[in-house]
Amino acid sequence: MYPVYEKTERGVRALQKESEHVGPHLHRAIEFVYVTKGCLELGVQRELYHMEEGDFGIVFPDLIHHYQVFSQGENTACHILAEPSVCAAYGEDLFKYSPKIPVIPKEKVEEELVHAVRHLIGERKPDPILRHAYVQILLAKSMPHLLLVPREGPKDEEVVDQMVAYISAHFRERITLSRMALDLGVGRYVLSRTFSGTFHRNFNQYLNETRLSYACELLEYTNRTITDICLDAGFDSQRTFHRVFKDYCHQTPREYRRNQRAKLLSCQPVSENLQSRHCIHEPDTDNNVHPGPELDSVL
């Protein structure tokens, strides 16, 4: 899939999922990643970091990042996103600095950190106060293992960064390559060449993939109607939405929602991994899904 996390406005979001390709994207949330089975490649800016089972990663706000999966077999991870207000104790440091190496190897991951992940993922009825407290634990137990360095400069100094930020902010609107070039003050040809050279797809493909990722997120973790999701994601008609969705996902939006929720119900690797650390993960018997607070809009 492609960019899925674009904006957090409601505190903390936690989910466990099968690891898959997620293209370059950014958001104002701080993102924690705990690999529960297999491997995951975490790309931050222009660097790629290999993660294995038990490793813990952290992505600071407003940093372009992506995920890739190269290993065969089962690969799963927990993803926890927290809006900046939840991390207020760390203030502007989260925006002025970034980890030189954003991955903490398994042997250095403390028990309290895994305990906090277990609670955030496994709680039956999310409690905002407890969620905020567990995020503080994640920060307190991970930050001492990170070497923070000043960010190289504003994210809009690079054309690629400008492009990712622009589409992340405007994909729900009616945008064109010409309008994007005008707004960014960059030549249309330069943008077109950058899309094909960096993302290996054209503007319309990248835009549709971003919209589809947002739509897929809503299909999986909310009960909103397909019509609402279609319009909210930036598609101008249900016909276009269904056509593009089927082209990329090879199934209808309704089938995708049903299949993904069934997959979430059958996902067990988190409990297996955490039990090895004397933790127990209990599935949600109320709604059978752990969506957490809903993420809406885009950064």
Check whether any side-chain heavy atom of K100 sits under 4.5 Å from a side-chain heavy atom of L148, and report yes or no. no
Taking every non-hydrogen atom, the tightest pair across F60 and S98: CD2-CA, 3.9 Å
Would a line drawn from the ring center of Y256 to the ring center of F245 be shorter than 6.0 Å? yes
Polar contact flag, side-chain donor to acceptor under 3.5 angstrom, N208-Y248: no
Identify whether Y90 and V59 are in the same connected component of the hydrophobic contact network (ILVMFWY, side-chain heavy atoms under 4.5 Å). yes
Answer yes or no: does atom CD of E173 have more than 12 heavy-atom neighbours from other residues, nucleotides or ligands under 6.0 Å? yes
If only side-chain N and O atoms count, and only distance matters, is there a donor-acceptor pair under 3.5 Å linking Q238 with T227? yes
Taking it one step at a time, do H66 and H25 satisfy ring-ring contact (aromatic ring centres under 6.0 Å, His included)? CA-CA 7 Å; H66 67 278; H25 63 290; 8.7 Å; no
Donor-acceptor under 3.5 Å (T222 side chain, L218 main chain): yes
Ignoring hydrogens and angles, state whether a donor on the side chain of E41 or H50 is under 3.5 Å from an acceptor on the partner side chain. yes
Taking atom OH of Y97 as the centre, report whether more than 12 heavy atoms of other residues, nucleotides or ligands fall under 6.0 Å from it. no
Looking at side-chain heavy atoms only, is the closest gap between V164 and S168 below 4.5 Å? yes
Any donor and acceptor pair, going by atom type alone, linking the side chain of R211 with main-chain N or O of F235 inside 3.5 Å? no
Measure from the side-chain N and O atoms of E83 to the backbone N and O of G11, and report whether any donor-acceptor pair falls under 3.5 Å. yes
Contact check, side chains of P102 and Y49, non-hydrogen atoms, under 4.5 Å: yes
Examine distances only and state if a side-chain atom of Q205 and a backbone atom of N202 form a donor-acceptor pair shorter than 3.5 Å. yes
Under 4.0 Å between a Lys/Arg side-chain N and an Asp/Glu carboxylate O for E31 and R13? no
I want to check something: taking the side chain as every heavy atom from C-beta on, are T194 and V160 in contact at a cut-off of under 4.5 Å? yes
Is any side-chain heavy atom of H145 closer than 4.5 Å to one of F56? no
So with a 6.0 Å cut-off around CZ of R179, is the heavy-atom count from everything else above 12? yes
So, D55 side chain and E52 main chain: donor-acceptor pair closer than 3.5 Å or not? yes
So L120 and F32, do their side chains get closer than 4.5 Å, heavy atoms only? no
Residue F70 excluded, over 12 heavy atoms near CZ under 6.0 Å: yes
Is the ring pair Y67/H65 parallel, tilted or perpendicular, if the boundaries are 30 and 60 degrees? perpendicular
Can you classify the ring geometry of F195 versus F203 as parallel (below 30°), tilted (30 to 60°) or perpendicular (above 60°)? perpendicular
Donor-acceptor pair, side chain of R172 and main chain of D232, under 3.5 angstrom: yes
Between L94, I80, D62, which is the residue that forms a side-chain contact (heavy atoms from CB on, under 4.5 Å) with I30? L94
Does any N or O in the side chain of S19 come within less than 3.5 Å of the main-chain N or O of L40, such that one atom is a donor and the other an acceptor? no
Salt bridge (Lys or Arg N to Asp or Glu O under 4.0 Å) between E209 and R201: does it pass, once the steps are laid out? CA-CA 10 Å; E209 289 164 359; R201 49 183 51 80; 2.6 Å; yes
Quick check against the 3.5 Å criterion: does Q136 have a side-chain atom that pairs as donor or acceptor with the backbone of A133? no
Could you check whether any side-chain heavy atom of P253 comes within less than 4.5 Å of a side-chain heavy atom of I229, counting everything from C-beta outward? no
Any donor-acceptor pair under 3.5 Å from E74 side chain to K37 backbone: no
Heavy-atom side-chain contact between L48 and L42 under 4.5 Å: no
Can you label the angle between the H115 ring and the Y134 ring as parallel, tilted or perpendicular, going by 30° and 60°? perpendicular
May I ask you to check whether T210 and S213 show a side-chain donor-acceptor distance below 3.5 Å? no
Counting distance only, does the side-chain N/O of N75 pair as donor-acceptor with the main-chain N or O of G73 below 3.5 Å? yes
